[in-house]
Amino acid sequence: MSPAPLEAPDFSTAGAYVWQMDPERLEPVDSVNRVDMSLLKGIDRARDTLLENTRQFARGLPANNALLWGARGMGKSSLVKAVHAAVQAEHADLKIVELHREDLTSVGRLLKLLRVAEARFVLFCDDLSFSHDDQHYKSLKAVLDGGIEGRPGNVVFYATSNRRHLMPRDMIENERATAISPSEATEEKVSLSDRFGLWLGFHPCDQDEYLAMIRGYCDAYGVEIDEDTLRAEAIEWQATRGARSGRVAWQYFTDLAGRRGVAI
């Protein structure tokens, strides 16, 4: 009466997959939503580090799990997808599998499928964070570093988050103040982020980087605009948004391209 075991898909049919629940399956993605790595500005150090780590992994060498954390809209998830595209061009058997945070409880069953495959996989979880009463993080701890089976040799885990320790700091501080053993309570919560060998920080961009992002988009997609007009409009756009980031730069460029009649 138990369900039949999951069958691994033909990994030669696509370069990207999404882990779906109900029923559990790996759904191939025909076209990945990503930008070229050359268009990502202001994150050179993180780019070079993640690119080298991924190349090592694709060659079958040791590589670390990576946590990309920091300011919102600064290209964390875009970098993961761009790095995969760049390395896959050199190593065709490198696949990327997206795992949603709410599906972490099934990560063990997913890894059973990936463990026996000949391909190599970047397991990607976007916007990973946990509330004070969320127990999903415990499903991930043993997979990253621990447990009897541990992480398969052909899988590396990349996650993005706005939080460095993946947990709310106010919850940690409250536990420190009220717990009988405050250090043990803190260790339990931050031990998940310690399982990532690479911590890549993303910080808010300055105005010159913001304008360079937009100019890069204009050059790449053939949108013609003089520097003075671009500068005035882009600064006004970010002022009305109350923020300056790569996401805001793309949103302004989308508006500009639409007004200039250029498809992107």
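On a predicted model such as this, the values are computed, not experimentally measured, just so you know.
Applying the side chain to side chain donor-acceptor pair (under 3.5 Å) test to residues at least two apart or on different chains, the pairs with a partner in residues 234-244 are Arg241-Gln251.
A donor-acceptor pair is defined here as one N or O able to donate and one able to accept, closer than 3.5 Å; no such pair exists between the side chain of Arg34 and the backbone of Ala82. No side-chain donor-acceptor contact under 3.5 Å links Asp93 to the backbone of Arg120. Side-chain atoms of Asn65 do not come within 3.5 Å of backbone N or O of Val156 as any donor-acceptor pair. Of the possible polar contacts, none joining the Lys95 side chain to the Ser12 backbone as a donor-acceptor pair under 3.5 Å is found. Between the side chain of Arg247 and the backbone N or O of Ser245 there is no donor-acceptor pair closer than 3.5 Å. Side chain of Gln56 to backbone of Pro62: a donor-acceptor contact under 3.5 angstrom is found.
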Derivation and outcome, ring-ring contact (aromatic ring centres under 6.0 Å, His included), residues Phe253 and Tyr221: CA-CA 10 Å; Phe253 172 73; Tyr221 291 96; 5.5 Å; yes
CA sep, side-chain torsions, deciding dist, call: Tyr217, Tyr252, ring-ring contact (aromatic ring centres under 6.0 Å, His included): CA-CA 10 Å; Tyr217 291 140; Tyr252 165 72; over 10 Å; no
Val18 and Leu26: CA distance, side-chain angles, deciding distance, side chain to side chain contact (heavy atoms under 4.5 Å, CB included) verdict: CA-CA 6 Å; Val18 175; Leu26 280 168; over 6 Å; no
Worked verdict on Tyr158 versus Asp126 for side-chain hydrogen bond (donor to acceptor under 3.5 Å, both in side chains): CA-CA 8 Å; Tyr158 290 173; Asp126 192 22; over 6 Å; no
Audit row: Cys205, Met213, side chain to side chain contact (heavy atoms under 4.5 Å, CB included) steps and yes/no: CA-CA 10 Å; Cys205 61; Met213 293 173 187; 4.0 Å; yes
Side chain to side chain contact (heavy atoms under 4.5 Å, CB included) evaluation trace for Met74 with His203: CA-CA 7 Å; Met74 281 304 298; His203 309 287; over 6 Å; no
CA sep, side-chain torsions, deciding dist, call: Thr160, Trp69, side-chain hydrogen bond (donor to acceptor under 3.5 Å, both in side chains): CA-CA 6 Å; Thr160 68; Trp69 67 275; over 6 Å; no
Working for side chain to side chain contact (heavy atoms under 4.5 Å, CB included), residues Leu211 and Arg231: CA-CA 7 Å; Leu211 295 173; Arg231 183 181 182 86; 3.2 Å; yes
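For the side chain to side chain donor-acceptor pair (under 3.5 Å) test, residues two or more places apart in sequence or in another chain that qualify with Glu90 are Arg55. Annotation: side chain to side chain donor-acceptor pair (under 3.5 Å) contacts of Asp36 (sequence neighbours excluded): Ser38. Partners of Thr254 according to the side chain to side chain contact (heavy atoms under 4.5 Å, CB included) rule, which considers only residues two or more places apart in sequence or in another chain, are Trp250, Ile264. When the salt bridge (charged side-chain N to carboxylate O under 4.0 Å, His left out) test is applied to Arg260, no partner is found at least two apart in sequence or on another chain. The side chain to side chain contact (heavy atoms under 4.5 Å, CB included) test applied to Ala46 returns Leu79, Leu200, Phe202, not counting sequence neighbours. Every residue two or more places apart in sequence or in another chain that forms a side chain to side chain contact (heavy atoms under 4.5 Å, CB included) with Asp226 is listed here: Asp228, Thr229. Checked against ring pair (Phe, Tyr, Trp, His ring centres under 6.0 Å), Tyr210 has no partners two or more places apart in sequence or in another chain. Under the side chain to side chain donor-acceptor pair (under 3.5 Å) criterion, Gln20 pairs with no residue, sequence neighbours left out. Every residue was checked against the side chain to side chain contact (heavy atoms under 4.5 Å, CB included) condition with Ala92, not counting sequence neighbours, and none meets it. Asn154 meets the side chain to side chain donor-acceptor pair (under 3.5 Å) test with no other residue; sequence neighbours excluded. With sequence neighbours excluded, the residues satisfying salt bridge (charged side-chain N to carboxylate O under 4.0 Å, His left out) with Glu227 are Arg215.
Under the 4.5 Å side-chain heavy-atom criterion for Ile, Leu, Val, Met, Phe, Trp and Tyr, Leu50 and Phe196 are members of distinct hydrophobic clusters. The hydrophobic clustering, which links ILVMFWY residues whose side-chain heavy atoms are closer than 4.5 Å, places Phe124 and Leu113 apart. Linking ILVMFWY side-chain heavy atoms closer than 4.5 Å, directly or via other members, places Ile214 and Leu39 in a single hydrophobic cluster. By the criterion of side-chain heavy atoms lying less than 4.5 angstrom apart, applied directly or through intervening Ile, Leu, Val, Met, Phe, Trp or Tyr residues, Val122 is grouped together with Ile43 in one hydrophobic cluster. Hydrophobic clustering (ILVMFWY, side-chain heavy atoms < 4.5 Å, transitive): Phe157 and Leu198 are in distinct clusters.
Closest non-hydrogen pair, Gly42 versus Glu209, comes out as CA-OE2, 3.8 Å. Counting all heavy atoms, side chain and backbone alike, Ala14 lies closest to Val29 at CB-O, 4.2 Å. Annotation for Ala159 and Leu128: closest pair CB-CD2, 3.7 Å, computed over non-hydrogen atoms.
Rounded to the nearest 0.5 Å, atoms CG (Asn64) and CZ (Arg195) are 14.0 Å apart. In this structure, Lys41 NZ and Arg47 CZ are separated by 8.5 Å, a value rounded to the nearest 0.5 Å.
In this structure, the side chains of Ser106 and Glu24 come closer than 4.5 Å at one or more pairs of heavy atoms. Counting heavy atoms from C-beta on, the side chains of Cys218 and Ile225 come closer than 4.5 Å. Proximity of His84 to Leu94: side-chain heavy atoms (C-beta onward) are separated by under 4.5 Å at one or more points. Residues Arg101 and Cys125 form a side-chain contact, since some pair of their non-hydrogen atoms from C-beta on lies under 4.5 Å apart. Between Leu104 and Leu99 the shortest side-chain heavy-atom distance falls below 4.5 Å. Side chains of Leu123 and Val107 form a contact here, defined as non-hydrogen atoms less than 4.5 Å apart. Between Ile96 and Val80 there is a side-chain heavy-atom pair separated by less than 4.5 Å.
The 12-atom threshold is exceeded at CG of Asp48, counting heavy atoms of other residues, nucleotides or ligands nearer than 6.0 Å. Counting heavy-atom neighbours within 6.0 Å of Asn33 CG, excluding the residue itself, gives a total of 12 or less.
In summary, of the residues considered (Leu67, Asp127, Asn162), a side-chain contact (heavy atoms from CB on, under 4.5 Å) with Lys76 occurs for Asn162 alone.
Looking at Glu233 and Arg259, a side-chain N of the basic residue comes within less than 4.0 Å of a carboxylate O on the acidic one, giving a salt bridge.
The aromatic ring centres of Tyr17 and Phe121 sit 6.0 Å or more apart.
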